[in-house]
Amino acid sequence: MSATAAARKRGKPASGAGAGAGAGAGKRRRKADSAGDRGKSKGGGKMNEEISSDSESESLAPRRTEEEEEEELEETAQEKKLRLAKLYLEQLKQQEEEKAEAREFEEDQVAGRLKEDVLEQRGRLQKSVAKEIQAPAPTDIRMLRGHQLSITCLVITPDDSAIFSAAKDCTIIKWSVESGRKLHVIPRAKKGAEGQPPGHSSHILCMAISSDGKYLASGDRSKLILIWEAQSCRHLYTFTGHRDAVSGLAFRRGTYQLYSTSHDRSVKVWNVAENSYVETLFGHQDAVAALDALSRECCVTAGGRDGTVRVWKIPEESQLVFYGHQGSIDSIQLINEEHMVSGADDGSVALWGLSKKRPLALQREAHGLRGEPGLEQPFWVSSVAALLNTDLVATGSHSSSVRLWQCGEGFRRLDLLCDIPLVGFINSLKFSSTGDFLVAGVGQEHSLKNSFQHFL
């Protein structure tokens, strides 16, 4: 209906154009024919010209046949199809542009992630988060009580949903981060008793959890390493082989390879998935105090009173020895694949690069001094923690506070950010994987009231 109306409207001006041309030709002929006829009235001549012009234009203008109108209708339909086709092509073009933008965004995201992975593997990834940190308000600190003796170690599940704490009372408690309630308690096992649930019968000194949250490992003073299913807290295996207290445990990220260290001065490698022992490495000259590992097939240890930090290259069965602290090195943690932080009983905190045998930065008296004037001694650093691949570090002591630090450019400086008031002996510190909270294991010597605190 609309196409027909449009065709008819276009036909009307076409007739008008033909009439105009006919009128001009009629005027030229009248001037030639009436050159000697001067007696006629002007008004009558004008009327005759108009009549002659109209009649002549009608004779000159071609009449539109039904075939021509049908042809014009067909052309209009073609035009409509062409217009719709152009519109469809424009829509397709727009969709393709949007898809290209989405692909470009995804490629940028993937490229960014790959770049981060490469930097992480090379140990050069350092996200700047410390400048955004503020000390928590008192209302942001939760205290969770459950152990009867001093807490010795903590681990957080990879999804940050639960916390495992272990203590000198030989128990392990699994806590809900969201509610703060106990999810499971692994009780103390009595020595020599048969038919009782498996557990530790001596002080638990260390724990580790696999990067997928499947396995939990715990080590005690009785030289034992117990392997648990982290979800259900069901006992799976017991590893024996150390000749003294097990003081450090760490899973290699992305695998079920477990590293352990002990006061027997050795480092052992285990395959938890296959319930098997792999090998033993020696090198420390005194009881080893702590151990950590990331993705590479190597681990780092704090050598206690032998005053060394060591990097163990497992495939080569070799080690690198680092010196820098003046006292016993009691805690260590990797910041990324190429840098680590350690704390010692001389009150110092050190930042290390794996390519240099001396500290990149050494913060002495990190928690201040104690004692009478003239007889001051530094508060020893009992625990350290690092938020993976960032510039944020935490240290603990018995100086009534946890301290947060920012690593300077190139890990060559430590700047104090803030103090978090906390009374007690801080035996363990752990950041959540997202950095949303920090957990401190706190114990009071010779006291039955012990707790660990969760900083939101």
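What's counted below: heavy atoms across the whole structure, side chains too, no hydrogens, waters or symmetry copies. Index from 1, following the sequence.
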Is there a side-chain contact between F239 and V272 in this structure, where contact means two heavy atoms from C-beta onward sitting under 4.5 Å apart? yes

Heavy-atom check, side chain of V300 versus side chain of L334, under 4.5 Å: yes

For the atom pair OG1 (T390) and CD1 (I133), what is the distance rounded to the nearest 0.5 Å? 8.5 Å

Around atom CZ of R370, are there more than 12 heavy atoms of other residues, nucleotides or ligands at under 6.0 Å? yes

Checking side-chain polar atoms at under 3.5 Å, does S260 have a donor or acceptor matched by the opposite partner on K268? no

Tell me, with the steps shown, if S222 and H200 meet side-chain hydrogen bond (donor to acceptor under 3.5 Å, both in side chains). CA-CA 8 Å; S222 299; H200 291 279; over 6 Å; no

Tell me the closest heavy-atom pair linking K223 and H242, and the distance in Å. CB-O, 3.4 Å

With distance as the sole criterion, is a donor-acceptor pair present between the side chains of S433 and D160 under 3.5 Å? yes

Tell me which donor-acceptor pairs under 3.5 Å the side chains of residues 340-350 have, and how far apart each pair is, sequence neighbours excluded?
residue, atom, partner, partner atom, Å
S342, OG, H325, NE2, 2.7
S342, OG, W352, NE1, 2.8
D345, OD1, S328, N, 2.8
D346, OD1, S348, N, 3.0
D346, OD1, S348, OG, 2.6
D346, OD2, Q326, N, 2.9
D346, OD2, G327, N, 3.3
D346, OD2, S348, OG, 3.3
S348, OG, H325, ND1, 2.7

W380 meets the ring pair (Phe, Tyr, Trp, His ring centres under 6.0 Å) criterion, sequence neighbours left out, with H398, F425

Applying ring pair (Phe, Tyr, Trp, His ring centres under 6.0 Å), name anything that partners H203, two or more places apart in sequence or on another chain. none

L258 and A217: which non-hydrogen atoms are nearest, and at how many Å? CD2-CB, 4.0 Å

S179 meets the side-chain hydrogen bond (donor to acceptor under 3.5 Å, both in side chains) criterion, sequence neighbours left out, with S176

Please check if any side-chain donor atom of S399 sits under 3.5 Å from a side-chain acceptor atom of H367, or the reverse. yes

Please step through side-chain contact (heavy atoms from CB on, under 4.5 Å) for the pair Y259 and R252, ending with a clear verdict. CA-CA 8 Å; Y259 305 118; R252 181 186 173 194; 3.8 Å; yes

Correct closest heavy-atom pair for L360 and H339 would be CD1-CD2, 3.7 Å

Is it the case that atom CD in Q91 sees more than 12 heavy atoms from other parts of the structure closer than 6.0 Å? yes

Could you tell me whether the side chains of D212 and Y256 share a donor-acceptor contact shorter than 3.5 Å? yes

Return each pair, listed once, that meets side-chain hydrogen bond (donor to acceptor under 3.5 Å, both in side chains) where at least one residue sits in residues 402-411; pairs must be two or more places apart or across chains. D391-Q406, T395-W405, R403-D419

Nearest heavy atoms of A250 and L291, plus distance in Å: CB-CD2, 3.3 Å

Just wondering, more than 12 heavy atoms not from E97 lying within 6.0 Å of its CD? yes

Would H147 and S150 count as a side-chain hydrogen bond (donor to acceptor under 3.5 Å, both in side chains) if you check the C-alpha gap in whole Å, the side-chain angles of each, and the deciding distance to 0.1 Å? CA-CA 7 Å; H147 292 283; S150 293; over 6 Å; no

Beyond-backbone contact of V267 with T301, side-chain heavy atoms, under 4.5 angstrom: yes

Non-hydrogen side-chain atoms of L388 and I335 separated by less than 4.5 Å: no

When you compare the side chain of Q257 with that of E297, does any pair of heavy atoms fall below 4.5 Å? yes

Residues F379 and L369: closest non-hydrogen pair is CE1-O, 3.3 Å

With a 4.5 Å cut-off on side-chain heavy atoms, are I172 and V185 touching? no

A quick test of your reading: do over 12 heavy atoms of other residues, nucleotides or ligands sit less than 6.0 Å from CD of E372? no

What are the two closest heavy atoms between V155 and M207, and how far apart are they? CG1-O, 3.6 Å

Could you check whether S276 and W270, counting side-chain N and O atoms only, form a donor-acceptor pair closer than 3.5 Å? no

Sorted by first residue and then second, give each salt bridge (Lys or Arg N to Asp or Glu O under 4.0 Å) pair with at least one member in residues 313-328; sequence neighbours left out. none

What I'd like to find out is whether the side chain of R234 reaches to under 4.5 Å of the side chain of L236, using heavy atoms alone. yes

Going by atom types only, do E90 and Y88 share a side-chain donor-acceptor pair under 3.5 Å? no

Does the distance from a Lys or Arg side-chain N to an Asp or Glu carboxylate O, for E338 and R296, drop under 4.0 Å? yes

